[in-house]
Amino acid sequence: MRQLTYDVGTTLDGFIAGPDGQFDFFPFDGDLAAALLAEYPETIPAHGRGPLGLDGVANRRFDTVLMGRATYEAGLAAGVAGPYPHLRQYVFSRSLARFDPAVEIVSSDPVAFVRDLKRQDGAGIWLCGGADLAGQLMTEIDELVIKRYPVVIGSGIPLFRAPFLPAGFTLTDSRVFNTGATITTYAKSQK
């Protein structure tokens, strides 16, 4: 069965974006950037792949990406309608129009949709964001890959927007980079 991985960047105080969705305060440099390019090349959107030397680089972990409407609209605002053409792209929204034939808009229940995806053949499924979709899919997340950046912003969009529902995860890897950032990986705890 395929796994759903919530691979996301966060501040030290637990925000994935600022109050208005801004994320330009997350640095992409040094040894952390090198690790992300080598280990997670498919998480780089199409418009950044060429400049970063990723043209023609194969996906390593994921063949599918899931985005909430707000996450997808950030790319649309920059003129990018199909940010990950090297992945199967799904955007969850009940009101968004389809802007790119390679991006499927899903208006059905995210949990049922993801359970069906997990039963299909393929590589991993990457939950790109955002907080609302992560909150809806909290019970389906098999792995967390948390990139924690050495910045505090005070308020913004949290990792999850969900009702109180404690869920245990087990630490499987933790790395500290010269930039001061960390990547911490957790697997869903077995009951």
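Source: prediction; values computed, not measured.
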If Ile, Leu, Val, Met, Phe, Trp and Tyr residues are connected whenever their side-chain heavy atoms lie under 4.5 Å apart, and connections chain through other members, are [X] and [Y] in the same group?
X      : Y      : answer
Leu66  : Tyr6   : yes
Leu32  : Val57  : yes
Val103 : Leu76  : yes
Val106 : Val114 : yes
Leu87  : Leu37  : yes

[X] and [Y]: which non-hydrogen atoms are nearest, and at how many Å?
X      : Y      : result
Leu96  : Ile105 : O-CG2, 3.7 Å
Glu140 : Lys188 : N-NZ, 4.0 Å
Pro41  : Ala58  : CG-O, 3.7 Å
Glu143 : Arg61  : OE1-NH2, 2.5 Å
Pro158 : Ala131 : O-CB, 3.0 Å
Pro83  : Tyr72  : CD-CE1, 3.9 Å

Main-chain N/O of [Y] paired to [X] side chain as donor or acceptor, under 3.5 Å:
X      : Y      : result
Asp20  : Gln22  : no
His47  : Val80  : no
Gln89  : Tyr84  : yes
Glu42  : Phe62  : yes
Ser189 : Gly168 : yes

With side-chain contact (heavy atoms from CB on, under 4.5 Å) as the test, would you mind laying out the steps for Leu36 and Thr43 before giving the verdict?
CA-CA 8 Å; Leu36 296 175; Thr43 65; 5.6 Å; no

Close side-chain approach of [X] and [Y], heavy atoms under 4.5 Å:
X      : Y      : answer
Ile146 : Ile183 : no
Leu127 : Ile141 : yes
Val8   : Trp126 : no
Thr179 : Asp31  : yes
Leu52  : Phe28  : yes
Gln136 : Phe92  : no
Tyr149 : Leu12  : no
Phe160 : Asp132 : no

Near Phe23 CZ, under 6.0 Å, is it more than 12 heavy atoms from other residues, nucleotides or ligands?
no

Could Arg49 and Asp55 be called an ion pair, given the rule that one side-chain N must be under 4.0 Å from one carboxylate O?
no

Could you measure the distance from the [atom1] atom of [X] to the [atom2] atom of [Y]? Nearest 0.5 Å is fine.
X      : Y      : atom1 : atom2 : answer
Tyr40  : Lys147 : OH    : NZ    : 7.5 Å
Lys118 : Ile125 : NZ    : CD1   : 7.0 Å
Leu133 : Thr71  : CG    : OG1   : 7.5 Å
Thr11  : Ile157 : OG1   : CD1   : 11.5 Å
Asp24  : Phe26  : CG    : CZ    : 10.0 Å
Leu159 : Leu144 : CG    : CG    : 8.5 Å

Evaluate Leu165 against Thr139 for side-chain contact (heavy atoms from CB on, under 4.5 Å), listing each step before the verdict.
CA-CA 9 Å; Leu165 181 63; Thr139 59; 4.0 Å; yes

Under 3.5 Å, is there a donor-acceptor pair between the Thr172 and Thr185 side chains?
no

Less than 3.5 Å apart, any donor N or O on the side chain of Thr5 or Asp7 sitting next to an acceptor on the other?
no

Would you call the rings of Tyr90 and Phe113 parallel, tilted or perpendicular if under 30° counts as parallel and over 60° as perpendicular?
perpendicular

Only one of Asp121, Asp116, Asp63 forms a salt bridge (Lys or Arg N to Asp or Glu O under 4.0 Å) with Arg2, so which one is it?
Asp63

Under the side-chain contact (heavy atoms from CB on, under 4.5 Å) criterion, do Thr184 and Asp173 qualify, and how do the steps go?
CA-CA 6 Å; Thr184 310; Asp173 190 41; over 6 Å; no

